[in-house]
Amino acid sequence: MIVGDLTRRQLGTIAVTAVVSALGVSLAGCTSKQRTLVCRHQRTHQVYAEVEVDIGAEITLSWIHSIELTRWSDTFKLVGDEFSLTRTVFSSYGAGMPMDEGTLRRDGDRIIIEDIDKPFEAIRWVHSHDVDYRVAINGDETLIDAMTLPDHELLELRPS
């Protein structure tokens with residue numbers, strides 16, 4: 001049977017080609033070099049901010065330590081669909097600090113541990129305006145304004 005000038009075989013070939021092309025476009029989206037960072041409540045999943053970032057982006061969560069009153073920070077790298085803790089910076093070494101992870105060095109009054117490469121599916125914290133939390137994406141603290149996030153709530157950053 002001929003439809004117009006095309007045979008069934010030709011129509012089938014066109015249909016298969018269309019499906020394969022559509023599938024290729026769909027799969028190309030899965031290997032995107034970007035992700036959406038979602039800042040949300042850990043339990044209710046209410047979303048407070050969303051930011052498009054490139055794979056490899058650095059996300060730094062920092063705060064003022066409640067006893068030392070110095071800024072502490074953890075820096076993560078976005079690796080696909082998870083984070084890798086790459087660096088932590090603080091002023092004094094004590095209980096609860098890593099002992100055998102990464103490379104430790106001093107820079108003035110700061111202790112820096114780098115090359116940690118510890119995976120995390122999300123960055124989680126109890127947000128508090130009292131300790132001046134900040135979220136920096138590639139050094140930019142304006143993309144997620146921590147002062148607009150809810151106070152004393154369980155928050156997380158998660159790639160999607």
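Worth knowing before you read on, the calculation uses all heavy atoms, side chains too, and leaves out hydrogens, waters and symmetry mates.
- In this structure, the side chains of Thr86 and Ile116 stay at 4.5 Å or more apart for every pair of heavy atoms.
- For the atom pair Glu101 CD and Asp117 CG, the distance stands at 10.0 Å (nearest 0.5 Å).
- A single hydrophobic cluster is seen to contain both Trp72 and Ile111, as judged by linkage of ILVMFWY side chains at heavy-atom distances under 4.5 Å, directly or through other members.
- Note that CG of Asp151 and CG of Asp130 are 6.0 Å apart. Values are rounded to the nearest 0.5 Å.
- Going from atom CG of Leu104 over to atom CZ of Arg106 covers 8.5 Å, rounded to the nearest 0.5 Å.
- Taking 4.5 Å as the limit, every side-chain heavy atom of Asp132 sits out of range of all side-chain heavy atoms of Trp63.
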Step by step, would you call Arg40 with Glu156 a side-chain contact (heavy atoms from CB on, under 4.5 Å)?
CA-CA 6 Å; Arg40 69 183 193 179; Glu156 68 179 9; 2.6 Å; yes
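- Contacts classified as salt bridge (charged side-chain N to carboxylate O under 4.0 Å, His left out) and involving residues 41-62 (residues at least two apart or in different chains) are given here: Glu58-Arg87.
- In terms of the side chain to side chain donor-acceptor pair (under 3.5 Å) criterion, residue partners of Glu114 (sequence neighbours excluded) are, by chain and number, Arg105.
- No side-chain heavy atom of Thr60 sits under 4.5 Å from any side-chain heavy atom of Asp74.
- Between Ser91 and Asp109, the side chains place no donor N or O within less than 3.5 Å of an acceptor N or O (distance only, hydrogens not considered).
- Here the closest non-hydrogen pair linking Glu121 and Pro159 is O-CD, 3.8 Å.
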The test is side-chain contact (heavy atoms from CB on, under 4.5 Å); show your working for Val38 and Leu157 and say whether it passes.
CA-CA 5 Å; Val38 178; Leu157 276 174; over 6 Å; no
side-chain contact (heavy atoms from CB on, under 4.5 Å) for His41 and Tyr48? Distances and angles first, verdict last.
CA-CA 8 Å; His41 194 279; Tyr48 302 109; 3.8 Å; yes
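- Thr88 places none of its side-chain heavy atoms less than 4.5 Å from the side chain of Ser73.
- Classification of the Tyr133-Trp125 ring pair by plane angle, with boundaries at 30° and 60°, yields tilted.
- Looking at heavy atoms from C-beta onward, Val79 lies out of side-chain contact with Ile55 at the 4.5 angstrom threshold.
- To the nearest 0.5 Å, atom OG1 of residue Thr70 and atom NE2 of residue His65 are 7.0 Å apart.
- Under a hydrophobic-cluster definition in which Ile, Leu, Val, Met, Phe, Trp and Tyr are linked whenever side-chain heavy atoms come within less than 4.5 Å, directly or via other members, Val53 and Phe120 are assigned to the same cluster.
- Considering OG1 of Thr148 and NE2 of His129, their distance stands at 7.5 Å, rounded to 0.5 Å.
- The hydrophobic clustering, which links ILVMFWY residues whose side-chain heavy atoms are closer than 4.5 Å, places Leu143 and Val135 together.
- Between atom CD1 of residue Ile137 and atom CG of residue Leu78 there is a gap of 10.0 Å, rounded to the nearest 0.5 Å.
- Between Phe76 and Phe83, the ring planes are perpendicular. Angles over 60° get that label, and only those under 30° would be called parallel.
- Among all heavy-atom pairs drawn from Ala146 and His127, the shortest one is O-NE2, 2.9 Å.
- Closest approach of Pro119 to Glu82, counting heavy atoms only: CB-OE2, 3.6 Å.
- For the pair Ile144 and Leu149, the minimum side-chain heavy-atom distance is below 4.5 Å.
- Ser62 and Arg134 share no donor-acceptor pair across their side chains, judged by distance under 3.5 Å alone.
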